[in-house]
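Data first, discussion second: the structure below is written as structure tokens.
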Amino acid sequence: MRNKILAANWKMNLTASEAHDWLVEFNEIDSDKSNIEFRLYAPNIFLSDLAKSQSMHIGAQNVHPSDSGAFTGEVSILQLVSVGTQSVLIGHSERRSYFHESDAFLKEKVDACVKHKLPFIFCCGESLEIREKDEHLSFISAQLSAAILHLNTSDLSLLTIAYEPIWAIGTGQTADTDQINEVHAFIRKVLRESFSEDGVNVSILYGGSVNASNAKSIFACPDVDGGLIGGASLNASNFLELASSF
Ligand code: PEP
């Protein structure tokens, strides 16, 4: 059974009081929140306060694979979990490109999550250049092979995948539903081939300029189990409004 997930990725946005107000507003909006798993991926400095409210799944946008050590500025899984963090993003394209995170490093993070049984969203997706060369499927296959496909089926309950074409992130240019259907069905096929029927139960989210006007057609795609939402998640009511598009 695949969970329907709406995940907010705030990136490096909002101040402490804005983060607090967002959660208050989200909780006060009177709508049925029971059928969808809402998640909030917030900057690390807000995780402790947000998690204390215990009103929503709170996740981190990044993690270091080591348990502790001389890694100035980094945060470990043990530290995240100690303040109530419930999951983490791994391999967001902004981490891959701006911070040069390699497939091998991302695999270390995946393995650390498995070791500590911390759920994670593994992000994958191609650049415009790769799509224009029609190499997007082999590129995504390589990203999955490098960091995910070695998992044991017993670890799959920790895994959610987000397909995020880089050219659609923060650009206002969404992938069309044919493009989304093609890639999500492809990822589902790869998961089935690697993990048999257990692989079919992994939720696959779409991310890339999802908003109130395109969410309905995206969430209607058969292999789309929800969204990873950047810009449209910075306002609590805009984010929650997307839930009515399922
Ligand atoms: C993201 O940050 O993962 C994302 C999809 O951003 P946006 O919705 O702004 O494109």
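Along the sequence shown, residues carry numbers from 1. The shown structure was predicted, so the numbers you read here are calculated from the model rather than taken from an experiment. Counting starts at 1 for both ligands and their atoms, in listed order.
Both the sub-6.0 Å distance and the 45° axial angle are satisfied by K33 relative to the ring of F26.
Salt-bridge annotation for K11 and E94: present, with a side-chain N of the basic residue lying under 4.0 Å from a carboxylate O of the acidic one. Between E37 and R39 there is a salt bridge, since a side-chain N of the basic residue sits under 4.0 Å from a carboxylate O of the acidic one.
For the side chain to side chain donor-acceptor pair (under 3.5 Å) condition, the pairs that include at least one residue of residues 138-156, sequence neighbours left out, are D111-H150. The side chain to side chain donor-acceptor pair (under 3.5 Å) analysis of residues 220-237, with sequence neighbours excluded, yields the pairs R2-D225, R188-D223, R188-D225, N235-S237.
Near ligand 1, heavy-atom contacts under 4.0 Å come from N9, K11, H92, E164, A168, I169, G170, G207, G208, S209, L228, I229, G230, G231.
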May I have the list of side-chain donor-acceptor pairs in residues 238-246 shorter than 3.5 Å, sequence neighbours left out?
from, atom 1, to, atom 2, distance (Å)
S244, OG, E241, O, 2.6
S245, OG, L242, O, 3.4

